[in-house]
Amino acid sequence: MLVVLDVVNVLALSYFAVLNLTYLGLTLASFPRTHRYIARLKSLHVNELLSAAGSLPISLLVPAFDEEATIVEATRSLLTLRYPEYEIIVVSDGSTDATIEVLAEAFDLRPAHRLPTSAIPTAGVRRVLRSRVHPHLWLIDKENGGKADALNAGLNHSRYPLFAALDADTLLEPDALIRIARPFLEDQRTVAAGAMIRIANGCRIRGGEVEEVALPHRLIPEIQIVEYLRAFFVGRTGWDAVGGTLIVSGAFGVFRRSIVAAAGGFSTDTVGEDMELIVRLHRYCRENNIPYRISFVPDPVAWTEAPETLRSLGRQRSRWQRGLAQALTRHLPMMGRRRYGTPGVLAFPYHFFLELFGPVIEALGYLSFGLSLALGVASPRFVIAFLFLSVFLGSALSVAAVALEEMSFRRYRKGRDLAVMLGLALVETLGYRHLNTYWRLKGMWAFLRGDNDWGTMDRRGFGEDDSAATSTAPAAGGASR
Amino acid sequence: MLVVVWSLAALVAVNLALAGGVVFLRVRNDFRARRWHRIEGRWYPALLDLLAGDTTAATLLPYVQQSEVVPVVEICGRMVRRVSGDDRKIIRDFARPLLGGLGPMLGARQPEKRANAIQLLTSLGTDDEFRSEVVAALVDPSPLVSMVAARVVASRRRIDLASEVLGQLDRFEMWSEAFLASMLASMGSEIAPELRDSFSSSDCSSTVRSVTARALAEFRDLPASDIAAGFIQEDGQDDRVLMIASLRVIEAVGQTKHLEVVRPLLGHEDSVIRALAATILGKIGVAADGVALAAAVSDESPWVAIHAATALRLLGQIDTLRELSRTGDAGSEAALEALEMVAS
């Protein structure tokens with residue numbers, strides 16, 4: 001028994017050590033990266049890039065399922081984006097409410113012809129409509145097939161060299177497109193770019209724009225803000241610095257159309273189609289000797305609504321874990337192979353061993369730690385090491401993420417907001433992390449059972465005063481990872 | 001047990017200290033922001049007064065403290081981008097004596113700082129000033145600094161520095177070709193002879209030739225079409241990128257004499273080349289080209305089908321399009337789409 005405990009303890013300690021040291025490395029890579037990016041913004045102004053005639057046109061793909069309450073406002077908001085040339089393709093994924101009718105009425109949509117430019121298989125497209133008042137606004141009415149299927153239908157009908165995959169409930173900042181298009185201008189090998197996803201709960205929103213950034217007054221979304229800062233400032237920026245980006249959030253990412261179409265579009269049999277696509281793009285480009293780059297850009301911002309209840313959050317995290325498992329197991333041949341460069345040698349093993357199997361090892365570790373304490377066999381050195389690695393180092397890294405926000409974009413200007421974020425960063429590893437472990441374990445179990453259901457997402461919606469009624473929407477638009 | 005408690009207390013203290021560091025960062029940032037707002041609050045209205053003629057540069061300049069030089073130059077740099085004509089000159093005249101304060105930034109280790117300094121110097125200096133700094137920046141080891149200098153040269157239409165920019169194009173190989181072409185085109189058609197030289201020179205890299213070709217197409221340089229046609233005829237098959245760039249030149253400024261070069265390309269194995277050939281035939285082709293274009297509407301590539309249908313519309317062959325739209329095969333949707341464009 002004691003031997004088993006010892007083995008599990010050593011395994012858990014090693015896991016926490018490797019996980020946190022990797023995160024520490026990513027954090028150390030993120031600081032200079034972010035600092036230089038901010039400095040770079042000063043020398044090549046967004047407005048000048050906006051006026052450059054060489055900007056690549058973008059198709060915005062907006063999958064929508066039963067979004068009658070929000071789709072008109074969301075579309076209006078997209079119509080006001082600052083970008084030289086873009087089109088909006090809303091894809092109604094078999095909506096059963098009046099999504100199509102409200103759009104048709106608001107924008108004078110009429111049946112139109114549009115030859116698909118790629119042939120990625122999708123559920124049947126019933127008709128294509130085009131706005132007479134905004135000729136670059138299109139609606140594809142198709143049978144239900146899920147978010148990835150809707151994106152594929154949009155991709156088939158898009159005409160521009162770049163496309164952006166959006167959630168219908170994502171709010172883009174007005175210059176988000178020009179900012180995210182930047183890597184495509186600066187490096188023509190770029191095939192995909194991810195943006196910063198921020199949590200809109202608590203912010204004042206008017207006319208589809210975030211007017212005032214503030215923390216929500218509820219613990220669950222508040223703690224997710226710190227989590228997102230860590231995931232994006234440390235995780236995404238760090239992996240981008242070493243060329244190992246494996247995730248571009250489904251809430252907002254921009255892709256080179258031709259490469260994604262050639263690689264087969266979005267996978268429809270996974271709940272993590274965003275990550276699966278990025279892993280597949282790495283694989284496709286490497287196997288076909290296509291020079292490529294996948295970037296993360298920290299300044300284009302997409303605002304999304306975070307779950308406000310434990311139940312909803314648990315479902316989301318469980319689904320993310322399933323998506324992670326599906327994406328990684330599908331591309332196992334990449335694991336550790338030099339042919340796949342940094343993504344294969346570093347990022348893939350990290351995500352596989354530390355992110356995918358992390359919850360299992362963590363859960364065993366906590367159990368074993370508790371048992372060791374209860375049986376009185378835990379040495380003081382072990383207790384200190386365990387708590388240092390599993391609690392304190394994690395907190396320190398969350399504090400570092402808040403520091404990165406403070407040294408870069410400083411969106412949360414109120415002193416109270418900073419204090420709350422720091423407080424949450426310090427205590428996040430006590431309890432919340434364990435809940436996450438539990439949800440991720442459930443996700444693993446669902447993956448092993450072959451569950452492929454998106455589930456539902458409780459949404460309050462972006463009301464003018466953030467007080468819209470709660471709705472439960474099937475996650476056609478999905479949630480941001 | 002005591003060891004554990006003390007160790008945990010130490011770990012808590014370390015984390016609290018880290019959090020304290022962030023608070024310190026906030027205090028420092030707030031201090032800097034307040035200082036910036038204070039400087040901006042004082043100088044922005046003063047510069048507006050200057051523009052309104054209520055004060056003069058000579059009156060204001062003595063009030064610029066040594067520690068405020070760079071922020072004031074940055075405020076001027078921001079302002080000069082928003083104004084034009086005489087107002088721009090007034091701001092530049094005011095800022096000129098302060099630009100020497102950017103010297104340390106020009107020699108900074110961080111390329112981003114050097115790039116920012118070049119940006120400010122050139123937006124606030126006249127064309128003849130800082131020429132040597134711009135030339136030095138063009139060959140700066142950092143491609144960012146070099147690009148900023150090239151953009152400045154292009155936006156200020158510094159024809160005298162065009163060859164220096166062209167000499168650096170290879171270093172911008174990673175940048176989007178369309179972006180580079182548009183940057184060169186913004187210099188105006190005066191640089192066309194140099195662009196033509198690059199386009200036709202086999203000593204230049206394929207990327208440089210392609211970028212210069214696209215720039216020539218952007219300002220519709222007629223003589224470039226002969227170079228493009230010549231390239232397609234002689235070496236086109238060896239270089240896809242350059243072939244496409246050449247076709248874009250012919251698309252922009254081609255004449256009927258180039259049709260013989262383009263027509264065979266409608267059967268090329270590369271769908272991008274077929275699509276471009278179809279577009280060109282639509283623009284400069286004759287009625288007889290309608291037959292080949294009608295066949296291309298049923299091309300296996302939807303891009304070729306769309307371009308061919310659009311070409312038929314440009315040739316005015318509406319009846320052919322109507323006929324194609326009734327076939328019900330893959331090309332009929334392309335024909336219907338083109339007909340819709342006619343209707344709208």
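Below, chain A is the first sequence line, B the second, and so on; all start at residue 1. Computed from a prediction, not measured in an experiment: that's the story for all the values here.
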Do you know the tightest heavy-atom contact between Arg413(A) and Arg26(B)?
-> O-NH1, 2.9 Å

What part of Glu177(B) lies closer than 4.5 angstrom to a heavy atom of chain A: side chain, backbone, both or neither?
-> both

With the threshold set at 4.0 Å, does a side-chain nitrogen-carboxylate oxygen contact exist between Glu406(A) and Arg32(B)?
-> no

If you measure from the Lys or Arg side-chain nitrogens to the Asp or Glu carboxylate oxygens, is any gap between Arg36(A) and Glu112(B) under 4.0 Å?
-> yes

Which residues pass the ring pair (Phe, Tyr, Trp, His ring centres under 6.0 Å) test with Phe388(A), sequence neighbours left out?
-> none

Sort out for me which of Val4(B), Ile118(B), Val3(B) touches chain A most, counting heavy-atom pairs under 4.5 Å.
-> Val4(B)

Do the side chain of Glu186(A) and the main chain of Met174(B) share a donor and acceptor less than 3.5 angstrom apart?
-> no

Would you say Arg381(A) has more than 12 foreign heavy atoms packed within less than 6.0 Å of its CZ?
-> no

List for me each residue that meets side-chain contact (heavy atoms from CB on, under 4.5 Å) alongside Pro116(A), sequence neighbours excluded, and say none if there are none.
-> Asn156(A), His157(A)

Expected output: side-chain Gln188(A) to main-chain Ala178(B) donor-acceptor under 3.5 Å = no

Answer yes or no: is there an ion pair linking Asp30(B) with Arg410(A), defined by an N-O contact shorter than 4.0 Å?
-> yes

In Å and rounded to the nearest 0.5 Å, what is the CG to CG distance from Leu426(A) to Leu16(B)?
-> 6.0 Å

Residue among Asn29(B), Leu180(B), Leu25(B), Asn116(B) with most heavy-atom pairs under 4.5 Å to chain A = Asn29(B)

Looking at Val23(B), Val14(B), Val12(B), which makes the most heavy-atom pairs under 4.5 Å with chain A?
-> Val12(B)

